[in-house]
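Each remark here refers to the structure printed beneath this line.
Any value given below was found using the heavy atoms of this structure, including those in side chains, with hydrogens, waters and symmetry copies removed. These numbers come from a predicted model, not from an experiment. Every chain is numbered from 1, with letters handed out A, B, ... down the list of sequences.
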Amino acid sequence: MLPDIEVEPKGTTSFAGRGYRRMARFLGSSDERWELLLPLAILVGLASGLVAVGLRRGVHHLGDALLAVSEGRLWLRFLIPGAGAFLGAWIVANLFREPPGHGVPGVIRSVCRWGGRLKRRTIFSHWLGSLVNVSAGGSAGLEGPIVVSGAAIGSTVGGLFKLDERRRSLLLACGVAGGISAVFNAPMTGALFAAEVVLAEWTAFSIVPIIVSAAVAAQLERLFLGDHQSFLHAPFSMGPLDFAACAVLGLIAGVASLALTASIEWVDRLARKVPRHRLLAPLLFGLAVGAVGLMAPEAIGEGYDLAQSAIRSELPAGLALVFVLLFVKGAATSMTLGSGAPGGVFAPCLVLGAVIGVGFCRAMGLALPEGALAVEGSYALVSMAGLVAGVMHAPLTAILLVMEVTAGYDVILPLMIVSVLSLIVVRRFGHHSMYTRELAETGDLLRPGTDKRILSDIRVSEALDEDVLTVSPNLTLAQFVGVVRRSKRNHFPVLEADSRRLVGMLDLGDIREILVDPDLAKLTLVGTVMDAAPASVPLGSTLVEALAVFEESGAWVLPVLDGDVYFGLLSKSRLFDRYRAELSAQTDV
Amino acid sequence: MAMNPERVSISEAAQHLGVAPSMLERWVRQGLVASHHTGGQVWFDPAELRTWAKTHGVQSRVGARQKGLFVEDFFARAIERGAVIPSADATSVLGVIELATRALVDHQVIPEEQLTGFTEQVIERERMASTALGSGVAVPHPREPQQGLVAEPVVVVVFPKVPVDWAALDGRDVHAAFLLLSPNAREHLQVLSRLAFAMRSDGFAEWLMERPSRAQLAAKLRTIVPEV
């Protein structure tokens, strides 16, 4: 069944919408022309870039302020993460009335199900919630909330200009690209993330506006912060021995991705058992994160300082220390994200990946002579890509991200080895990432142009047969012959005379023998020879559900019921016609 | 070369998936379905094939609806499961029906407590329209098939001592009444069409006046088999 969606009232063409159309006419192009989307993509890129920069800066300043307040007061440092998680969750759930969590599945669902519609208030909900939560020490990233805000900006701009669903979804993806691009100063990464994870569409129509938006957002970010690199690192090079080591690291990154995902889901199940879990679970687990923070302050919060030290090979020496860091960061991340406190999974992936890389390099160093491997910072970088590829099932984003933040192609081969092997390990255990699993389970993961998307867009009421004759169960087959003469069909719904309740289906093929025998036809009633328990579909189902019933029952036609009252007849041939029409409409060429 | 029982051939797999073998061959060629090659032969792992069918929404056709198979002595068997009442003391349609349904209880085809309800249904059907077939034969039956009551069709034949007025279109009184009881519409249709076929064969309706026993009737019906 299709969800009810918010549709703007008809006939209230906005000023912006009229302007857009007028410009389209002036340029002599129809709405089909997508060049007109480019100015909008620039607009969305600017706005989403601002949102991203604002959140990074906000967390920076608020985090510093909270640190100053709690200076020397241990009890405050213990309490602040819990309070932040609680307040963040309250902002999302109660102030903005949005579903909890990192919000990215909601963005993908919007593309799959709601034609790219998102509520306007979504621009602020996760943004504000994660600002409070992550500043206070919640172990989560800002990229997820930035993706949500950017997407909502794109959707809102699309709504303002009264764009159709496809263009609206595209602007939504532009917002996502802009946000990610600005947060990492990495335009290609932003564009690929939007295409790979959110839109799942690779055409010039979609890629060009996304890249424009990403480029604009990155430029805006440079205006504010200068052309900095997100992760400063010493120059390094990797040799053949490193490539072999990277193969092992790729497998480890895959296992680590699985472990992180499982651990977050485990806390999620635990958190749901807490009474009033949407607010109390973030509070309780936030306090636990606070306790972790007392012992290892670098393990909580966004954690990029930790990643930065790992990349610059500046982590204190010792293998045990790395394992402790890995464990506490993993635990803090699982507790923050699993409890439903607002924040994303991207930053924790990068931080954990960096620490894993360092740990791996140090462990290998025990067996190999000094200087045989590249510096541990380089392993931190490639391992980051391994975690992004494994947790988000986004290998292209992972590879591009590390290439862009290190500003070079030097490590492209090890990056690919690690990302691809990590993805292979993860795919052994399932085809869905943390972003898409929930959608796949509810049947909402409907990528454009796929069979399921096409079938789920058509309702059975849109595929009904015309000229269907119905019969009463009390008709004799001799009388029924008259009906057959007027009909071109082989299947007849049998209805109770007054209520039009469906009591059975009559298949001409089943009764041919009786029909040609006038004596038998006279003494046989329709009600005796009909199929009294025919398969049927409820009105309001989509062709997905109808097709499942067709396949299970082996029927050629299915009566469509409104309650138990007959509404119409759906045939396989009509289903095929509609499928073809929808397929042609939804795909180019 | 003996096939490993765990290996499924192209033709078996195609049958299982409900597609043409050439279609499955093309899928193998295009790399759409996981397959194995040994010594030039293509085979599938059943577990892999099932997983593939599931993830790709291809339904296995095994167990899909099948049309009833043709059984030669279908009608004769239905009579052997029922009863023949050779000379019935009934002077009305209602009387004949009640005798016939009572016989179903006596032969333990239906339980005693269902008798009244079932008889009602047969009479109700008779009120809608006469079930007389002409040539002195009638076929009383309930309007709906009786899935809960019987698993296979059952026929009770009643020969009234004196032919009964059944409001037949040809005006002839009924000397043989076949009470039909079927679990579903399909089997009801089969019994009916067998009876119709027998009626069309020369002298069957007249032969019924001799009030044959159950064994005689079944034996006679086995000789009147439609050529297929």
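Between atom CG of residue B:L133 and atom CG of residue A:L523 there is a gap of 5.5 Å, rounded to the nearest 0.5 Å. We find the CG-NE2 distance between A:L525 and B:H141 to be 6.0 Å, quoted to the nearest 0.5 Å.
Taking a 6.0 Å sphere around CZ of A:R580, one finds it holds 12 or fewer heavy atoms contributed by other residues, nucleotides or ligands.
Between B:R186 and A:D510, the closest heavy-atom pair is NH1-OD1, 3.6 Å. In terms of heavy-atom proximity, A:G527 sits nearest to B:P145 at O-CD, 4.3 Å.
Inspection of non-hydrogen atoms places A:P473, A:N474 of residues 473-487 of chain A under 4.5 Å from chain B. Of residues 169-185 of chain B, those residues lying under 4.5 Å from chain A by any heavy-atom pair are B:L169, B:A185.
Using a distance-only test at 3.5 Å, with no hydrogens or angles considered, a donor-acceptor pair links the side chain of A:T528 to the main chain of B:R143.
The part of B:S130 that comes within reach of chain A is its backbone (N, CA, C, O), which places non-hydrogen atoms under 4.5 angstrom from that chain. For A:L520, the parts sitting under 4.5 Å from any heavy atom of chain B are the backbone and the side chain alike. Neither the backbone nor the side chain of B:A138 comes within contact range of chain A; no heavy atoms are under 4.5 Å apart.
Residues B:M199 and A:D517 have side chains not in contact (no heavy-atom distance under 4.5 Å, counting atoms from C-beta outward).
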